[in-house]
Amino acid sequence: MRRLLRVVLLAWVSIALPAGADILPEVHFLIPAGPGGGWDGTARGVGEAMTKSGLVKNVSYENLSGGGGGRAIAKLIETADRQPYTLMVNSTPMVVRSLQKIFPQSFRDLEPIASVIADYSCFVVKDTSPIKSWSDVIDAFNKNPRSVKVAGGSVRGSTDHIIFARAIEMSGGDPFKVIYIPYDGGGKAMAGLLTGETQVLSTGLSETIDMMRSGQVRIIAVTANERLPEIPDVPTLAEQGHPLEFANWRGFFAAPGLAQSRYAAMRETITAVLATPEFETIRARNGWTVLHHEGKDFYQFLEHQESEIGTLMRQLGFLRP
Amino acid sequence: MIDGLLIGLQTVFTLTNIVLVFAGCAIGTVIGMIPGLGPITAIALMIPVTYGFDPASGMILLAGVYYGAVFGGSTSSILINAPGVAGTVATAFDGYPMARDGAPGKALAIAAYASFTGGTLAAIFLVLLAPFLADLSLGFQSADYFLLMVLGLSLVSAFSGQGEYLRALAMTCFGLMLSTVGTDLSAGVQRFTFGRMDLIDGISFLLLAMGTFALAEAIMMVLDRSRQTKPIELTGSSLALSRAEVKAMAPTVGRSSILGFLTGVLPGAGATIASFLAYGMERSLASPADKAQFGKGSLKGLAAPETANNAACTGSFVPLLTLGIPGSGTTAVLLGALVAYGIQPGPRLFIDEPAIFWSVIVSMYFGNLFLLVLNLPLIPYIARLLSVPRQYLVPMIMFFSLMGVYLVSFNTFDLKLMVVVAAVAVGLRILAFPMAPLLLGFILGGMLEDNLRRAMTLSDGSWSFLWARPVTLCLVAIIGIVLLVPLVRTAVGWWRR
């Protein structure tokens, strides 16, 4: 009886509150990796803004690594009825890994809430390199693909590799001839570029900006449509004739099958936290670029990215057609 | 440079900063002592705290936490055979037998002195050589890393006692095989994961070390009731080292500092590799009488990895500060903190921000000093842990080792895997197979393969990379000598007979 009463009360409360106006009373962040990485930093940064601005009182975190993030996704789906306030952080590799069938689920099995920040890709050379622009890369590549070896911070077939191959393809080169050298992490890939064993590095912009400012490397192209305000001198790939836009987004997902009003509250909470001065401080501290898509918009963004990456991975033979 | 040191001293010698070095060391030691939790966790936990301070103070605190965590890791390695940190796995090889045989206080004291000396010598190298070191760390390419790993493997005989060379070799191969589990970097293909999501990232080194050492040791204690730990002597004199012991360890500590520091400077190596290399080198260089002691509580076998891992931690600041390249997970977290303070690591750091650059270096020295001062008086109390009766000690070791692995991944699969690893390890130990070569093969195997495949791709599939550059050629020559000298010696011995 008491239980029935509670259900009725809850139902009444959720009807009585106008949709979209409420903020979550608590948030539980599910982080699909151990402490200290990019996912962890994003969740804890957003969480810090939530508590410091007083927007959300209780914020908790749960790290669950394994399966390239697949374990956390599986848990969120299996225990959906017990995850009413859970936001799982994720990013572009989720799209790539579900295409590769590393885990059976995709973003369609979850509720995409919102993307919050983005990290554009960029192509980098050593400051002493004779390569000055993207067309120099293409010229050298067309003469001899072996003279332009590309370093990246993750396995063969990861976004670092795919984006470079795609840029080569758009410029009329053969993406199969790209020689990609994988390193265990962006730092080691950067070291590989500096030792001179590779000629170009394909990586995330946020990992590179400081190396550029210290004068050790030059960014020859960034995969944004327009020049970015923090680095107005760095040319985009688009202005060099190849309109390739690619952002490694980071965003949040919720368990499937919750009430629509709950999803609305989650979206509202993210929108509200992005507008706080506390978030701005954290954003500036980490050098993040805001990329805010929410709900349906975010879903379409994911679908678009999935089809783009999927096409390319199929062409490059990383996926069976 | 003298100016720089003075700036550094001036920055460190404020009351706040001295308190911070002290606090950092203490917090780091406590976190590091918990098996499984290492410097990455400790630093990640402390970073939010440091946002309130100015950048120099923040870095001083974090450097203290880093050293403290590495030092704390050796405590749990020595006392309960459960490495707190990957960098202190090799410390357990001789530290634990020494502690088990009744001298835990002495083992901890040697670890403290060796860490202090390694860290201090490395800080001096850093001050003297900083400008050249950046070039050194960029002088190593994939081919050279590959050969460095081969050199490490050629030390395998050092990881085994008299008469168990074949067993050691078999275990090394087993370690190499285990290192192939997971996603293959060069092809992006999953290997030996049996379709299990949990094995995609491979087996964690810490899990393997905890399973084969801590958990297996606890099970052995249960199975073999006669393995009585000797009564512990904890009089004041048991901590002191005799002059002869200091004299015996001095060259070891000197060599290990240099080796550890240079290995740390390379962005692709790090403290774990450094400690294994130092252990192997000392065991190879030891006289036959000394050699028999290794693995049974040798002073040199404990001092070498302990010196090397601290020296390597200091060395890893070279690529971090002078190039802005993180060589390890820990320095990647530190780099994140630096960037968050608005500091740009790189060749211009010690011109643009001399206060940061030099105060971090000075605080390294003080961090090491404080660790020694902090820990020596506490050792008798910490060592008393081993006088806990066995019926309490065994479950405690099991709990801490399982919890340590769980706290890193929060994945229950890892616990099941660890139990399987421990069961297999117990079986192998009963059959007298040594465990250290397994870990050696495992830790070197992954990097060996990745670097070989990179080197092959870079040289367009030709083996010419082996002699293309002077550094590589030198390494090939060293490996040749290491492998051929014992053969020649044996041959000469035969001929004379």
Side-chain angles (χ1 to χ4, degrees), chain A residues 31 33-37 40-41 44 48 62-72 74 97 100 102-104 146 149 151 154-158 161 179-188 190-192 194-198 206-207 209-211 213-216 281-282 284-287 318, chain B residues 40-41 43-45 48 51 137-143 183-190 196-201 267-268 319 323-333 335-336 338-342 344-349 408-411 413-414 446-447 450 453-455 457-458 460:
Chain A
I31 302 158
D40 193 58
R44 285 175 203 268
E48 189 187 331
E62 178 185 354
N63 291 84
L64 178 66
S65 64
R71 179 138 294 268
R97 286 169 192 159
Q100 289 170 326
I102 286 177
F103 38 75
R146 297 190 169 277
K149 294 189 171 100
S154 189
V155 299
R156 195 177 153 76
S158 62
H161 182 190
I179 297 185
Y180 176 78
I181 313 287
Y183 290 82
D184 179 18
K188 285 173 188 162
M190 180 61 85
L194 293 182
T195 63
E197 63 179 18
T198 56
S206 64
E207 289 185 64
I209 284 188
D210 287 292
M211 294 297 290
R213 290 194 177 136
S214 71
Q216 300 177 83
T281 312
I282 293 162
R285 195 170 73 200
N286 290 290
F318 291 121
Chain B
I40 296 188
T41 322
I43 292 173
L45 278 174
Y51 285 139
S137 63
L138 289 181
F140 252 62
Q141 298 191 344
S142 296
T183 308
D184 163 22
L185 198 61
S186 305
V189 174
Q190 291 174 34
R196 280 215 71 113
M197 213 188 265
D198 310 273
L199 285 172
I200 288 174
D201 302 327
L323 296 166
I325 293 177
S328 62
T330 315
T331 42
V333 179
L335 179 66
L338 273 176
V339 172
Y341 300 144
Q344 254 159 52
R348 294 194 55 80
L349 179 70
V408 175
S409 67
F410 296 96
N411 187 346
F413 174 81
D414 282 358
M447 297 173 92
D450 289 346
R453 293 178 74 166
R454 267 201 293 274
T457 318
L458 285 165
D460 301 326

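Note that this is a predicted model, so its numbers are computed, not measured. Naming: A, B, ... by sequence-line order, numbering from 1 per chain. Values below: all heavy atoms of this structure, side chains included; hydrogens, waters and symmetry mates excluded.
Note that the CG atom of A/L194 and the CD atom of B/Q141 stand 11.5 Å from one another [nearest 0.5 Å]. Note that CG of B/L338 is 9.5 Å distant from CG of A/D210, once rounded to the nearest 0.5 Å. One finds the CD1 atom of B/I200 at 8.0 Å from the CZ atom of A/F103 (value rounded to the nearest 0.5 Å).
Between B/D460 and A/K149 the shortest side-chain heavy-atom distance falls below 4.5 Å. Contact of the B/L458 side chain with the A/I181 side chain is registered, since non-hydrogen atoms from C-beta on lie closer than 4.5 Å. With a 4.5 Å cut-off on side-chain heavy atoms, B/L323 and A/M190 do not count as touching.
Options A/E207, A/K188, A/Q100, A/R213 differ in how many heavy-atom pairs under 4.5 Å they form with chain B, and the most are formed by A/R213. Most heavy-atom pairs under 4.5 Å with chain B: of the set A/I209, A/I102, A/I282, this distinction falls to A/I102.
Residue contact with chain A, scored on non-hydrogen atoms closer than 4.5 Å, involves the backbone and the side chain of B/T457 alike. A/S158 does not touch chain B: none of its heavy atoms, backbone or side chain, sits under 4.5 Å away. When heavy atoms are compared at a cutoff of 4.5 Å, B/F413 does not approach chain A at all.
Checked against salt bridge (Lys or Arg N to Asp or Glu O under 4.0 Å), A/R156 has no partners two or more places apart in sequence or in another chain. With sequence neighbours left out, A/E197 forms a salt bridge (Lys or Arg N to Asp or Glu O under 4.0 Å) with no residue at all.
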